[in-house]
Amino acid sequence: MVAGPSGELGSDSTTPIVELIGAVKRYGEVAAIDNVDLAIRPRELFTLLGPSGSGKTTVLRTIAGLVSLSEGRILIDGVDVRRTPTYERNIGMVFQSLALFPHMTVFDNIAFPLRMRRRGRSEIAGRVKDVLEIVRLPDIAERRVQELSGGQQQRVALARSLVYDPKLLLLDEPLGALDRQLREEMQLEIVRLHREIDVTIINVTHDQVEALILSDRIGVMQEGRIVQVGTSEEIYSRPSTRFVAEFMGRANVIDGTARLDGTRSWVETDGGVAIEVAELDSALVDKPCAAVVRAEDIEIHAVGASPGEESTGLSGTVMLRAFEGETVYYEIEVTGIGRSLKVAARVGAFDPGEPVRVAWDTNRVTVVRMDDRAGI
Ligand code: ADP
Ligand code: MG
């Protein structure tokens with residue numbers, strides 16, 4: 001994270017720019033957000049990641065002041081904003097529905113927030129020109145929004161949210177409606193924009209790949225709670241709960257019971273297979289938990305390919321093989337493990353029905369607790 005020049009932020013860079021403390025929002029019986037504590041650092045690009053209905057939009061809307069909390073507090077730059085209306089919070093927002101005015105020109109759309117703020121003509125012209133350059137659309141100010149492509153409209157919406165120079169930008173799945181190629185382009189565009197201008201971004205998505213690509217840090221949401229916060233690498237390689245491991249894609253989550261005997265630790269499945277682990281949290285010993293092994297960390301060996309190999313790894317049978325370009329995807333059935341193992345192999349040509357051995361580096365195995373809500 002790069003801190004802005006001191007003084008410009010109005011607070012030192014260790015003071016969170018946004019802080020939620022014990023935040024709860026109830027709609028009748030439903031807690032849309034349920035006791036959320038969260039501190040966003042100045043200048044970071046933070047992503048709230050979670051499935052639909054997990055409370056991401058509600059967190060953003062409470063920060064923006066569009067929704068008021070049932071319990072708890074929100075601080076912006078260290079100040080409780082309970083009584084600060086949305087328009088005084090100096091926050092830029094882009095939502096999936098862009099809410100641009102289709103019949104108006106690009107210029108008038110972007111100028112709109114400045115006219116609302118009664119800024120002068122020449123200031124408006126200058127700012128609109130500046131933000132159109134930031135989003136790389138310098139020559140289309142006089143075009144009508146309805147004549148633009150989806151990607152261009154996305155950039156206009158971004159430009160409009162930046163035109164009054166907010167210190168905080170909230171993005172609620174603004175790329176969700178774009179096709180894949182355009183979405184990938186815009187993701188990189190957001191990374192570039194974040195690097196170039198002095199702004200903190202809170203992005204919301206249900207797409208774990210987008211979250212990994214964009215973020216300085218990710219907060220994973222499940223049923224109104226934040227279940228893990230960390231860098232992309234931490235969330236991907238060291239998920240702390242079963243839910244996070246499964247949500248981050250292609251992980252083998254092998255249920256069992258954690259065991260410790262002297263210096264040896266392992267997860268024992270109900271079928272009696274021992275998954276060795278390098279590290280085990282002592283609080284998990286003899287508790288139900290799961291060993292997580294990522295699909296790309298598993299190696300497949302032909303049976304009897306080289307002497308000694310019979311003793312390493314587990315024996316299994318290839319159930320499925322699918323060519324994916326860079327990798328070959330296999331599902332391997334292993335006796336004593338509740339489910340087939342997903343494997344993304346770089347090389348290899350094993351056929352369905354073939355007996356194989358699977359192995360992995362013990363250091364790559366993570367042990368996660370179950371998702372009992374009391375444990376979160
Ligand atoms: P996400 O953005 O992660 O999909 P939301 O924050 O939109 O999730 O919603 C979280 C939960 O709160 C959902 O169960 C949703 O139905 C409920 N919820 C959100 N807004 C309202 C509302 N205005 N009235 C009633 N329930 C709502
Ligand atoms: Mg949402």
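Computed from a prediction, not measured in an experiment: that's the story for all the values here. Values below: all heavy atoms of this structure, side chains included; hydrogens, waters and symmetry mates excluded. Order of listing sets the numbers, starting from 1, for every ligand and every atom in it.
- For D80, the CG atom sits in a packed shell: over 12 heavy atoms of surrounding residues, nucleotides or ligands are nearer than 6.0 Å.
- Checked by distance only, ligand 1 and G53 come closer than 3.5 Å through their nitrogen or oxygen atoms.
- Among all protein heavy atoms, the one lying closest to atom 8 (O) of ligand 1 is G55 N, 3.2 Å.
- Ligand 1 is never approached by A31 to a heavy-atom distance shorter than 4.0 Å.
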(message) Pair V156, I110 - check side chain to side chain contact (heavy atoms under 4.5 Å, CB included), show working.
(response) CA-CA 7 Å; V156 172; I110 298 172; 4.1 Å; yes
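- We find that R43 and D216 are not joined by a salt bridge, their nearest charged nitrogen and carboxylate oxygen being 4.0 Å or further apart.
- Near T58, the atoms of ligand 1 lying under 4.0 angstrom from a non-hydrogen atom of the residue are 5 (P), 6 (O), 9 (O).
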(request) List the steps and the verdict of side-chain hydrogen bond (donor to acceptor under 3.5 Å, both in side chains) for T84 and R89. (result) CA-CA 7 Å; T84 312; R89 295 189 188 190; 5.2 Å; no
(request) Could you check E19 against R73 for salt bridge (charged side-chain N to carboxylate O under 4.0 Å, His left out), going step by step and ending with a plain yes or no? (result) CA-CA 8 Å; E19 195 170 5; R73 299 197 300 152; over 6 Å; no
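- The distance from ligand 1 to the heavy atoms of P51 drops below 4.0 Å at these ligand atoms: 3 (O).
- Under 2.8 Å from the Mg ion (ligand 2) lies an N/O/S atom of T57, whether from backbone or side chain.
- The single protein non-hydrogen atom nearest to atom 23 (N) of ligand 1 is Y27 CE2, 3.5 Å, given as residue, atom name and distance.
- Closest to atom 3 (O) of ligand 1, if we only count protein heavy atoms, is K56 NZ, 2.8 Å.
- Atom 7 (O) of ligand 1 has T57 CB, 3.7 Å as its closest protein atom, hydrogens excluded (heavy atom only).
- A pairwise comparison of heavy atoms in Y87 and R117 identifies O-NH2, 4.0 Å as the closest pair.
- Not a single N or O atom of V30, backbone or side chain, sits closer than 3.5 Å to an N or O atom of ligand 1.
- In this structure, R136 does not pair ionically with E196, as no charged nitrogen and carboxylate oxygen lie closer than 4.0 Å.
- The nearest protein heavy atom to atom 16 (O) of ligand 1 is not closer than 4.0 Å.
- Looking only at heavy atoms of the protein, atom 12 (O) of ligand 1 is closest to A32 CB, 3.1 Å.
- Annotation: cation-pi geometry satisfied between R294 and Y236 (NZ/CZ under 6.0 angstrom from ring centroid, within 45° of ring axis).
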